[in-house]
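In what follows, every heavy atom counts, from backbone to side chain, and hydrogens, waters and symmetry copies are set aside. Since the model is a prediction, treat every value here as computed from it, not as a measurement. Numbered from 1 within each chain, the chains take letters A, B, ... in sequence-line order.
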Amino acid sequence: MMTITVKFFASLREQLGKSETLLSTSKPLTVSQVWSQVCDNISLPAHILTAVNMEYVEANTLVNPGDEVAFFPPVTGG
Amino acid sequence: MKVELTSQPFNPWTTLQAYETTLSAQIGKYGAVTTFTGTMRDFNQGEDVQAMYLEHYPGMTEKYLQQLSHTALQRWDILDTLVIHRVGEIHPGETIVLVAAWASHRAPAFEACRYLIEELKHRAPFWKRETLGGEKMRWVESNG
């Protein structure tokens, strides 16, 4: 078993009440599957942006044990 | 090329001047410098805003802005770029972001500067949380 680090930012972090969680897995999962496993089997909302190892990815991207996955709302910088 | 996140207030004009002194090898090569500065307002969506907190994703935000600058340098005939962005607590009147592009001619300088600020606003991982009257907090939900 290895772990995937899962991070949440901004309003999403406040809604979920956590900024980071660890997910144990022995096989690759998609980004959507990671979300469902750490969010009580709820499906990934369409507006949530996703990154793996600090690069934007699509929801069907495979995540490997040891990777860092991030979920966050639309960005509002500048 | 420089990308920097700072938690301290900064003056965009003295910052630009200081950075330009590091470009001595380019003197005589650039004929156009374009800049964009974004400044915090004291109002948004019909409400007074007292302060703002700028959250970011440490590591990814810097990486994204570096990649964006590299893309601009490849896509346009420009000589250099500068991107400085505040993080943390910020107040009305303070500069949020400074973007600049140096080029031989004005067209690529304008286009690259516009590209940098538009991509930054729509893709760089930053999130604004406003403090309104009565200490009420509100996350800004989208960028125009």
Segment of B:Lys121 engaging chain A (4.5 angstrom heavy-atom cut-off): both
How are the rings of A:Trp35 and A:Phe8 set to each other: parallel, tilted or perpendicular (split at 30° and 60°)? perpendicular
Beyond-backbone contact of A:His47 with A:Pro74, side-chain heavy atoms, under 4.5 angstrom: yes
Proximal component of A:Ala10, with respect to chain B [non-hydrogen, under 4.5 Å]: both
Could you tell me which portion of B:Arg123 (side chain, backbone, both or neither) has an atom closer than 4.5 angstrom to a non-hydrogen atom of chain A? both
Part of B:Tyr53 lying under 4.5 Å from any heavy atom of chain A: neither
Please classify the contact of B:Gln67 with chain A as side chain, backbone, both or neither, using a heavy-atom distance under 4.5 Å. side chain
Tell me, out of A:Lys7, A:Glu68, A:Glu55, who's got the most heavy-atom pairs with chain B below 4.5 Å. A:Glu55
Residue list, side chain to side chain contact (heavy atoms under 4.5 Å, CB included) with A:Ser26, at least two apart or on another chain: A:Met1
List the atom of B:Ile78, the atom of B:Pro108, and the distance in Å for their closest heavy-atom pair. CG2-O, 3.6 Å
Any donor-acceptor N/O pair, B:Trp127 side chain to A:Pro73 backbone, under 3.5 Å: yes
